[in-house]
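Working notes, beginning with the structure itself.
Throughout, protein chains are lettered first and strands after them, A, B, ... in sequence-line order, and every chain is numbered starting at 1.
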There are 2 protein chains.
Amino acid sequence: MSVTAPEIAASDIVPLDRREEVLAAAAECFMRRGYEQTSMDDVAEALGATKGRVYHHFRSKPELFFQVYRRAMDILMQACEPVVAQGGSGEQRLHGMAKAHTLCMMETRTFQRTLTMGVDLYRFGETSPEHKAVLEELMGLRFVYEDLFRHTFEAGIADGTLAVPDPSLAMRTLLGALNWVTVWYSPRPGETRRHREQLAEEIVETVLGGYRARR
Amino acid sequence: MSVTAPEIAASDIVPLDRREEVLAAAAECFMRRGYEQTSMDDVAEALGATKGRVYHHFRSKPELFFQVYRRAMDILMQACEPVVAQGGSGEQRLHGMAKAHTLCMMETRTFQRTLTMGVDLYRFGETSPEHKAVLEELMGLRFVYEDLFRHTFEAGIADGTLAVPDPSLAMRTLLGALNWVTVWYSPRPGETRRHREQLAEEIVETVLGGYRARR
DNA sequence: GTCTATATTATGATAGAC
DNA sequence: GTCTATCATAATATAGAC
């Protein structure tokens, strides 16, 4: 054994990227306490470290928030884009997108809740010009994502599989209902992906189908 | 004119209760910046006053938050209770409650947004025992309110006017969609109550009716 | 009731050792 | 890369004048 690979301790298997760990810890804190309520010390403590580590990877607290936000948007985009691409009727695509969105809410809820609740909480008027620019870019990402849903509603109206008076309004109420999942959902011990898919399906069915009995 | 009523200046007509003014200013600030982001100086500035005034009426910042929260809940309760009381089918009551709820979201959105976004943002673990007690009482109020909706769903299932697989899930998705109104709605200049009622009706119709075309 | 200080604490951020 | 100070600032809350 003269030529040995660098030894790998058991504790080294988990740690993905160090930077990723910091990001995840921040998302966790932001979800639990909100952006402002979270101190850099809190994030460090969640890592079992001190601020030095956090500041080594992220310039500032807003920067940290921005990265969590961007990651949350990336996750949503990557979940929905395949569904959009695979085609089908408007209703079929909407169903798939809604389900993908809901699963993201459940499985990456630390990030998603930061995204969902944190947007407009962030002070607009008093931020620096650079921060304001980043914020507007992030808001732009959100609009692009919302447009995916809006356009799907329009497609569904066109092909006769969906019936809503106003696609924008429909998009907002749908995403409102689904985003709200981050508020009340928390994973049960022993929960599997199957369970989550089942719950997501039930949620989407309830929302898309409406609450009234068909006469 | 020897017997004169105490003179009333024009500026004295508006001011209701002084305490109410402080509360409303706080709700406005909480909505715009979030709880933590709002300083007591911010609230004072919104009043055109200094902290002294705020602290004269409210012991502390958490106290101020609690009162805003409680007020928001009272508004919702008082809006929905008459609808519950007036009877009708489950579907009819649900429609009325949802519309009343939505109008509250639009017309008292400073309070409602504080309620909606602020609950779990408030740190649970580190609050004092007394604060924790108050928080739990407030959460209790919320549960009572949610139960109004849950029970209406159950009633609607029983009388055949509503069809949902799970009343709790239906309540959550419905309130999610409606609460989300505080995120995107802002009053247009020149908007009247009529406009808001129309919009609320459209929102409720969209949500209750579902998004699919009936075959 | 409202104001003007002021005490106290918490937090974002940095510098420099290891 | 991470830690241990440390600085500077901002915000809660209070005391006491008016």
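Phosphate contact (OP1/OP2 of dT2(D), side-chain N/O of Arg18(A), threshold under 4.0 Å): present. Distances shown here put every side-chain N or O of His56(A) at or beyond 4.0 Å from the OP1 or OP2 atom of dC3(D).
Rounded to an integer number of Å, the gap from Asp41(A) CG to dT2(D) C1' is 14 Å. Rounded to whole angstrom, the span from the NZ atom of Lys61(B) across to the P atom of dT8(C) amounts to 21 Å. Distance Phe58(B) CZ to dT12(D) C1': 16 Å, rounded to the nearest Å. Rounded to an integer number of Å, the gap from Met40(B) CE to dT6(C) P is 21 Å. In this structure, Tyr55(A) places its OH atom 8 Å from C1' of dT11(C), rounding to the nearest Å. In this structure, the CZ atom of Arg59(A) is 12 Å from the P atom of dA13(C), given to the nearest Å. Residue Phe65(A) contributes atom CZ, which lies 14 Å from atom P of dG12(C) at whole-angstrom precision. The distance between atom CD of Glu45(B) and atom P of dT2(C), rounded to the nearest whole Å, is 17 Å.
Here Glu81(A) pairs with nothing under the salt bridge (Lys or Arg N to Asp or Glu O under 4.0 Å) rule; sequence neighbours left out. Shown here are the side-chain hydrogen bond (donor to acceptor under 3.5 Å, both in side chains) partners of Glu137(A), two or more places apart in sequence or in another chain: Arg70(A). Annotation: side-chain hydrogen bond (donor to acceptor under 3.5 Å, both in side chains) contacts of Ser186(A) (sequence neighbours excluded): none. For the side-chain hydrogen bond (donor to acceptor under 3.5 Å, both in side chains) test, residues two or more places apart in sequence or in another chain that qualify with Arg71(A) are Glu20(A). Not a single salt bridge (Lys or Arg N to Asp or Glu O under 4.0 Å) links Arg172(B) to another residue, sequence neighbours left out. Applying the side-chain hydrogen bond (donor to acceptor under 3.5 Å, both in side chains) rule to Glu201(B) yields the partners His95(B), Lys99(B); only residues at least two apart in sequence or on another chain are considered.
Listed by first and then second residue, the salt bridge (charged side-chain N to carboxylate O under 4.0 Å, His left out) pairs that reach into residues 181-192 of chain A are Glu191(A)-Arg196(A), sequence neighbours excluded.
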request  = Go through the steps for Phe30(A) and Thr110(A) under the test side-chain contact (heavy atoms from CB on, under 4.5 Å), then give the verdict.
outcome  = CA-CA 7 Å; Phe30(A) 289 159; Thr110(A) 58; over 6 Å; no
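Side chain to side chain, Thr116(A) and Gln112(A) fail the donor-acceptor criterion of an N or O pair below 3.5 Å.
Where the helix from dG1(C)-dC18(D) to dC18(C)-dG1(D) starts and where it ends, the local axes point in directions that differ by 10°; five pairs per end, rounded to 10°.
Within a heavy-atom distance below 4.0 Å of DNA chain D, the residues of residues 47-54 of chain B found are Lys51(B).
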